[in-house]
There are 2 protein chains.
Amino acid sequence: MQKNPVQCQFVVALDSIVGKWKPIILYHLLQGKPLRFNELRRLLPDITQRMLTLHLRELEEEEIVKRVIYPQIPPKVEYSITEYGKSLSPILETLHQWGAAHLERKQLKEAKNEQTETD
Amino acid sequence: MQKNPVQCQFVVALDSIVGKWKPIILYHLLQGKPLRFNELRRLLPDITQRMLTLHLRELEEEEIVKRVIYPQIPPKVEYSITEYGKSLSPILETLHQWGAAHLERKQLKEAKNEQTETD
DNA sequence: TTGTATAGTATTAAAAAAGGTACTGTAATG
DNA sequence: CATTACAGTACCTTTTTTAATACTATACAA
């Protein structure tokens with residue numbers, strides 16, 4: 001990892017939200033309702049337990065996500081967004097909007113290409 | 001890559017700016033001045049030619065960066081941000097701000113820990 | 001007694017990303 | 001004549017990320 005100070009702020013921010021599953025985990029947790037481990041699994045049908053664990057640990061480490069263990073059997077663990085984590089909301093929002101526009105643009109272009117090909 | 005529609009917009013947006021060097025390449029190009037290949041290399045002292053080429057190609061593919069070849073010898077190629085690429089500006093800006101705050105927070109916390117340890 | 005649900009861990013394998021080094025061709029410079 | 005600048009490409013290795021599978025413990029239900 002380059003130690004370039006200019007890059008740092010971007011990288012720091014991106015590290016917190018990048019990862020194959022982090023954006024969607026955050027998306028769900030930002031809805032506000034705490035979610036249990038298996039609830040998250042069901043919301044991300046293709047994630048493996050290992051990957052979910054790893055990403056949640058990273059998010060917890062950065063105090064973006066809070067992990068609460070209820071000492072019961074069978075075990076219960078709830079994950080929720082922290083106040084600090086909520087500050088990511090504008091970033092996610094901006095990304096989502098840009099992504100949507102980007103997709104639309106791509107699709108328009110593809111449609112145009114198909115048209116000129118059949119002309 | 002998960003084909004989850006909820007994740008798509010995030011992933012699409014992130015793909016355009018994520019990569020070990022993309023944010024800093026974009027940062028420099030967003031200054032407005034077109035940059036030559038080797039100028040970029042000098043600005044990113046640790047990047048290899050190969051990595052710079054690959055990232056620039058990806059950015060070009062997405063029409064975020066424009067590549068102009070001047071048929072001279074020695075060759076001259078200029079990279080610049082496109083109008084479309086400029087639309088990434090708010091994302092980068094938001095990320096940069098959040099990253100700066102996140103770093104500050106981390107440093108404050110470390111300082112606090114050191115203090116309590118020496119108490 | 002077998003199976004289910006819970007929230008994971010451990011181990012190994014595969015795939016993707018990044019890095020390192022050498023090499024191209026042409027012209028100008030020392 | 002050797003070196004430098006330019007903008008890369010080709011080939012190979014290392015590192016990182018992701019995936020797959022099996023396993024843990026406990027309690028409850030059929």
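Note that the structure is a prediction, hence the values are computed from the model and not measured. Chain A is the first sequence line, chain B the second, and so forth, proteins listed ahead of strands; every chain is numbered from 1.
Here A/K86 pairs with A/E83 in a salt bridge; the nearest charged N to carboxylate O distance falls below 4.0 Å.
Counting heavy atoms from C-beta outward, A/L59 and A/L26 have side chains that approach closer than 4.5 Å. Proximity of B/I64 to B/I81: side-chain heavy atoms (C-beta onward) are separated by under 4.5 Å at one or more points.
B/R41 has no side-chain polar atom (N or O) that falls below the 4.0 Å cut-off from OP1 or OP2 of D/dA5. Phosphate contact (OP1/OP2 of D/dA19, side-chain N/O of A/K20, threshold under 4.0 Å): present. OP1 or OP2 of D/dA19 has at least one side-chain nitrogen or oxygen of A/W21 nearer than 4.0 Å. When the side-chain nitrogen and oxygen atoms of A/R57 are compared with OP1 and OP2 of C/dG8, one or more of them lie within a distance under 4.0 Å. Close to C/dT12, at under 4.0 Å from its OP1 or OP2, lies no side-chain N or O of A/R50.
Nearest nucleotide to the A/T48 side chain, out of D/dC6, D/dA20, C/dG19: D/dA20. Checking C/dT6, C/dA18, D/dG8 against the side-chain heavy atoms of A/R42 singles out C/dT6 as nearest. Across C/dT6, C/dG8, D/dT18, the shortest atom-to-atom separation from the side chain of A/V77 is found for C/dG8.
Rounding to the nearest 0.5 angstrom, the gap separating the CD1 atom in A/I25 from the CG atom in A/L56 is 5.0 Å.
B/Y79 comes within 4.0 angstrom of the backbone, heavy atoms only, and of no base.
Note: CG (A/L54) to P (C/dA10) measures 11 Å, nearest angstrom. In this structure, the CD atom of A/E58 is 12 Å from the C1' atom of D/dT16, given to the nearest Å. Put simply, CG on A/L14 is 16 Å from P on C/dA17, counting in whole angstrom units. Whole-Å rounding puts the A/I47 CD1 to D/dT17 C1' distance at 13 Å.
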**Prompt:** Could you write nucleotides 22-30 of chain C as a row of B, S and -, 5' to 3', where a protein heavy atom under 4.0 Å of any base atom gives B, of only sugar-phosphate atoms gives S, and otherwise -?
**Reply:** B---SS---
